[in-house]
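Data block below; observations after.
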Number of protein chains: 2
Amino acid sequence: MTNENGAGTRILIVDDEPQIRKLLRVTLAAHGYAVHEAGTGEEGVLQASMHAPELIVLDLGLPDLAGMQVLERIREWSGVPVIVLTAKDREEDKIAALDAGADDYVTKPFGMGELVARIRVALRHTVKSAEEPVIRSGNLAIDLAQRIVELNGERIKLTPTEYDLLKALASHAGKVVTQRQLLQQVWGSRHDEGDSHYLRIYIGHLRKKLEEDPSQPELIVTEPGVGYRFLIRE
Amino acid sequence: MTNENGAGTRILIVDDEPQIRKLLRVTLAAHGYAVHEAGTGEEGVLQASMHAPELIVLDLGLPDLAGMQVLERIREWSGVPVIVLTAKDREEDKIAALDAGADDYVTKPFGMGELVARIRVALRHTVKSAEEPVIRSGNLAIDLAQRIVELNGERIKLTPTEYDLLKALASHAGKVVTQRQLLQQVWGSRHDEGDSHYLRIYIGHLRKKLEEDPSQPELIVTEPGVGYRFLIRE
DNA sequence: GTCCATTTTTACGCTTTTTTTACACCTTTT
DNA sequence: AAAAGGTGTAAAAAAAGCGTAAAAATGGAC
């Protein structure tokens, strides 16, 4: 087949069986997707937060974390489409996975053509609802596509961590983003608890660069005990 | 099961077999969906344009129009989610249907539970922004999604414990929530008994912040010996 | 190797929140 | 009428959380 339809779309494969991983990797690469891999659930969650894939293929038969837990951990902060792959054919398992946030459930043995077709379907949904990549709040503009932040029309220089943090906040504008979610998205799943220290420091950096009066923030406000909120104001 | 989750969401069934139609109709109605039916492809296309359903369940084994044509006709003007239902298990058929715009492909025989779960998945994609988990009582509004509490349009500041307690009460609005339930939900399973002390203190805090006359509560009322009740009043 | 920007570590003052402690009140029971 | 159990305030002490500054470590570019 060797299509080029995938056009570099990032897909993360989480599967403990090297054979299946290889099969998937080769096939998906042949369709033009950029494939990342994880052999354990733990690594899967980490990779998901690192590479921000457009889609995840998740095998439920993992050794360390139950596949369902991986799904739940990812769903805590991301809406990325997840296609569950499994040998289990029991209806309860299907229902549980789908209700936990899976977008599709494919039972082994499966045809690669079908899987790729279902991947296309899942990706169709996200492309459909792809928002405009420029977030504005007051005199601030964040261009996710170009990775550019402008304040009063002037380009603001942000370090990678600062940008990741701002992006994590701004892409959930109006809602509270918990400290755990932020830590996971910016620093990866290892620091998902207890290290809220980093957060305070970098929130401070962002405020110093973006707020008019950093001591009285109007853009990134603190929700004590919970997290932070990025406010959109006209 | 007889859930009421569907909440009147319109689903169109296109199937030529009256038995399967009936099975689907009864099951989906029991889940709270508003079901419309069509026995032929021609009628299906017509009904789709008439009722503008939120989702279509389409059987490919139709007599007049090939099911695929129905799908294509619908896709000409609508992006409504379509779940294809069929006895054909050939991979090419699946791929063809999915690429023609179907959102899922379920092979007979199938479990109704799975089908309903897949319907929920398909609806999740479209209903994303339609949800409104805002609880109102008098001049109070609790927005669970944004974690915002407003009284007379003004934002009320609540500590994490206060908010958790209010959420536990309000999400069972009208019903009594026992002290044990509250302790367990807010403080965790350790304090599930005996520590009803905390409860009284924080109920007091909430009343002071939310009630007009905290000494004569109209929002959070005490059910002596049992627990507390969050009242909804227009 | 040195230099630079960035990240991580370390330290501390301050505020908010939670927990503890104490006591007054009311209703029901003895 | 006194005792008992459940309830509501008010204040403390203790704990946890937040924000800033600055030093140390990391890692890449040259």
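The sequence lines fix the lettering, A, B, ..., with proteins before strands; numbering per chain opens at 1.
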Identify whether any heavy atom of B/Tyr228 sits under 4.0 Å from a base atom; if not, whether one sits that close to sugar-phosphate; answer base, sugar-phosphate or nothing. sugar-phosphate

Answer with base, sugar-phosphate or nothing: what part of the nucleic acid does A/Ile203 contact at a heavy-atom distance below 4.0 Å? nothing

Does [N] have OP1 or OP2 under 4.0 Å away from a side-chain N or O of [X]?
X        : N      : value
A/Thr222 : D/dG19 : yes
B/Gln179 : D/dG6  : no
A/Trp187 : C/dT7  : no
A/Tyr202 : C/dT7  : yes
B/Arg200 : D/dT9  : no
A/Ser215 : D/dG19 : no
B/Lys208 : D/dA10 : yes
B/Thr159 : C/dT18 : yes

How many Å lie between [atom1] on [X] and [atom2] on [N], as a whole number?
X        : N      : atom1 : atom2 : answer
A/Leu165 : D/dG19 : CG    : P     : 12 Å
A/Arg207 : D/dC18 : CZ    : P     : 10 Å
A/His197 : D/dA22 : NE2   : C1'   : 12 Å
B/Leu182 : D/dT7  : CG    : P     : 12 Å
A/Leu183 : C/dT8  : CG    : C1'   : 14 Å
A/Leu158 : C/dA5  : CG    : C1'   : 14 Å
B/Ile220 : D/dT7  : CD1   : P     : 15 Å
A/Glu223 : C/dT15 : CD    : P     : 20 Å

Determine whether a donor-acceptor pair (N or O, by modelled atom type, separation under 3.5 Å) exists between the side chain of A/Ser78 and the backbone of A/Ile74. no

Using modelled atom types and a 3.5 Å cut-off, is there a donor and acceptor pairing between side-chain atoms of A/Thr107 and backbone atoms of A/Asp89? no

For the side chain of A/Ile201, starting at C-beta, report the closest nucleotide among C/dT7, C/dT20, C/dT9. C/dT9

Nucleotide nearest A/Tyr198 when distance is taken to its side chain, options D/dT9, C/dT8, C/dT6: C/dT8

Identified side-chain contact (heavy atoms from CB on, under 4.5 Å) counterpart of A/Tyr228 within the set A/Thr178, A/Leu182, A/Leu165, A/Val177: A/Leu182

Which atom pair, heavy atoms only, marks the closest approach of A/Ile156 to A/Lys209? CD1-O, 4.3 Å

Check this for me: does the side-chain of A/His205 come within 3.5 Å of the base of C/dT6 through a donor and an acceptor? no

Are B/His125 and B/Asp103 linked by a side-chain donor-acceptor pair shorter than 3.5 Å? no

How far apart are the C-alpha atoms of B/Glu212 and B/Arg233, what are their side-chain angles, what is the distance that settles it, and do they pass the salt bridge (charged side-chain N to carboxylate O under 4.0 Å, His left out) test? CA-CA 14 Å; B/Glu212 251 178 74; B/Arg233 56 184 214 285; 5.1 Å; no

